[in-house]
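Shown next, in structure tokens, is the structure this report addresses.
Naming: A, B, ... by sequence-line order, numbering from 1 per chain. The structure presented is a predicted model; accordingly, all values stated were derived computationally and were not measured.
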Amino acid sequence: MADVRTVRGTHDLVGEDMQRHRHVTGTALEIAERYGFGEISTPIFEFTEIFARSLGDTSDVVSKEMYTFEDRGGDSLTLRPENTAGVARAVISGGLLQSPPLKLFYSGPMFRYERPQKGRMRQFHQIGVEVIGSPDAKADIEVIALGWQILEALGVNDGITVEINSLGDPESRNAYREKLVGYFSGYKAKLSADSQTRLTRNPLRILDSKDEGDREIVAGAPPLGESMNDASRDFFARVQDGLGALDIAFTHNRNLVRGLDYYTHTAFEFTTDRLGAQSAVLAGGRYDGLMKQIGGPDTPGVGWASGIERLALLLQGAPERPRPVAIVPIGPAAEAEAEKLAFELRRAGHIIELAYKGKPGQRMKKADRANARLAITIGDDELARGVVKLRDLDKGEEREVMRAGLPAAI
RNA sequence: GCGGGCGUAGCUCAGGUGGUUAGAGCGCCAGGUUGUGGCCCUGGAGGUCGCGCGUUCAAGUCGCGUCGCUCGCCCCA
């Protein structure tokens, strides 16, 4: 075999894979539109600074997973590892926030330099939504409901758990961070190497460490709730009540955190145990500090992203394609008539299969393999009489109809 | 970056302890059926056995290396 392959961690999407992919994006967009979301598409690369500033230098994504390169003009550019920063940038640079809230849906490729494994690629695709400009808990509820409904419409919400948590507002969060650092410092020597690093960089992340030893220490850590001020507590209560009123089942996972500074209040994750080591199918939260951090106005936001490949892995089978009608000409005169008929029926909205060549038997076979529901056969006899034969390929029954009445007859 | 598993036809896989022209099923193409699919029969195309080096009279098979894929760790969608 010739030595031509895709770059490690990338895949071609074709056939059933492509159908599943499109089914996910199509379904998601349709439902997002029901919620009043408009679609946005931002460039797949941005100035590196956009991601570095929004994600923070210490995050794994920025420190080791970005595809960064210098273009011919000397600018440092980066293939987007996620899309919230790009959308936020678009909102600022395009002055889109005239009448908040702005509700945006996107889908497209993202790039992270990681070791590929099940449900994880170097080029992967996400769908996502952002509500920008509303500090209201109703936005959090709506966004979670939208995610839930998309998974329901895709038929994959069986076996999915919705976990939510709150980090509180910046005041609560900072108070809690100090408490945590105080607590974990007492166990510093016993923490895993990773968590010792986190202690200075990102203490909240110690809470969801998977290390056994860490977990024992985490179990005794002071709960976040104690550090929350009334406003934060109230906000979280409204989110939970709102989800409860919609009968969306969720669990409160106190160790679910987002490490970055701009995250506030709600954090949530839709998880499954059907994706090997990857459990997150859809995840997001409120990011009230983000817009300001990348140089825009101090504007709140909430959103999520979901991996299309992961959703596609959960899909049972491939979505069915609409069945075509095949035209089978018999003889040279019918050949020309078939092309005219195909054009006419396609313009009338029908899906038409017309093979370029082959004997009638071969064409019938092709019609069958194309999963055609009907075959229209035309020979010299039919041509002379102004009729065509309609063959039902499921039942094997054949009948004659007038050529002139065709678009309506099929 | 670290660890496990696996690389033989388009796909799924056979190929005891090395042995001569490398096989099957599915799929594909054609014929049987010069105006009718599915089922059946017959034939055909398609392989540098991932790549390299080594051991040997002889390597798909053994050894070493390398590349790739895959699963897991970290982290994440």
Take R373(A) and D392(A), measure what salt bridge (Lys or Arg N to Asp or Glu O under 4.0 Å) needs, and give me the verdict at the end.
CA-CA 6 Å; R373(A) 60 189 170 88; D392(A) 184 315; over 6 Å; no
Rounded to whole angstroms, how far apart are NE2 on H11(A) and P on U70(B)?
5 Å
Provide the Watson-Crick or G-U wobble partner of G44(B), both distances under 3.5 Å; none if there is no partner.
C28(B)
Between C1' of A77(B) and CD1 of I160(A), the distance in whole Å
12 Å
For U70(B) versus G38(B), give the span between their C1' atoms, rounded off to a whole number of Å.
38 Å
The reported gap from CE in M364(A) to OG1 in T377(A) (rounded to nearest 0.5 angstrom) is 7.0 Å
For atom C1', what is the distance between C28(B) and A45(B), given to the nearest Å?
9 Å
Ignoring hydrogens and angles, are the base of G37(B) and the side chain of R391(A) linked by a donor-acceptor pair under 3.5 Å?
yes
Would you say the base of G37(B) and the side-chain of E398(A) have a donor-acceptor pair closer than 3.5 Å?
no
Gap in Å between the two C1' atoms, one belonging to A77(B) and one to U12(B), rounded
31 Å
What interatomic distance, in whole Å, is found between P of G18(B) and the corresponding atom of C40(B)?
41 Å
Confirm from the modelled atom types if R120(A) and A77(B) form a donor-acceptor pair under 3.5 Å, side chain to base only.
no
Determine the interatomic distance between P on G16(B) and the same-named atom on G23(B); round to the nearest Å.
14 Å
Between U61(B) and C73(B), how far is it from one P atom to the other, in whole Å?
34 Å
Nucleotide paired to U66(B) in any strand shown, Watson-Crick or G-U, under 3.5 Å
G50(B)
In whole angstrom, give the distance that lies between atom CG of L383(A) and atom P of G35(B).
15 Å
Test salt bridge (Lys or Arg N to Asp or Glu O under 4.0 Å) applied to K366(A) and E353(A), step by step
CA-CA 9 Å; K366(A) 278 182 183 163; E353(A) 277 289 323; over 6 Å; no
In Å and rounded to the nearest 0.5 Å, what is the NE2 to CZ distance from H11(A) to R122(A)?
11.0 Å
Would R22(A) and E16(A) count as a salt bridge (Lys or Arg N to Asp or Glu O under 4.0 Å) here? Give the steps.
CA-CA 10 Å; R22(A) 197 174 68 158; E16(A) 289 196 0; over 6 Å; no
Protein and nucleotides 30-33 of chain B: nitrogen or oxygen contacts under 3.5 angstrom:
| unit_1 | atom_1 | unit_2 | atom_2 | d |
| --- | --- | --- | --- | --- |
| A30(B) | OP1 | Q362(A) | NE2 | 3.1 |
| G31(B) | OP1 | K359(A) | NZ | 3.0 |
| G31(B) | OP2 | Q362(A) | NE2 | 3.4 |

Determine: side-chain N/O of Q117(A) to OP1/OP2 of G72(B), distance under 4.0 Å, yes or no.
yes
When rounded to the nearest Å, what value does the distance between P atoms of A22(B) and G60(B) take?
10 Å
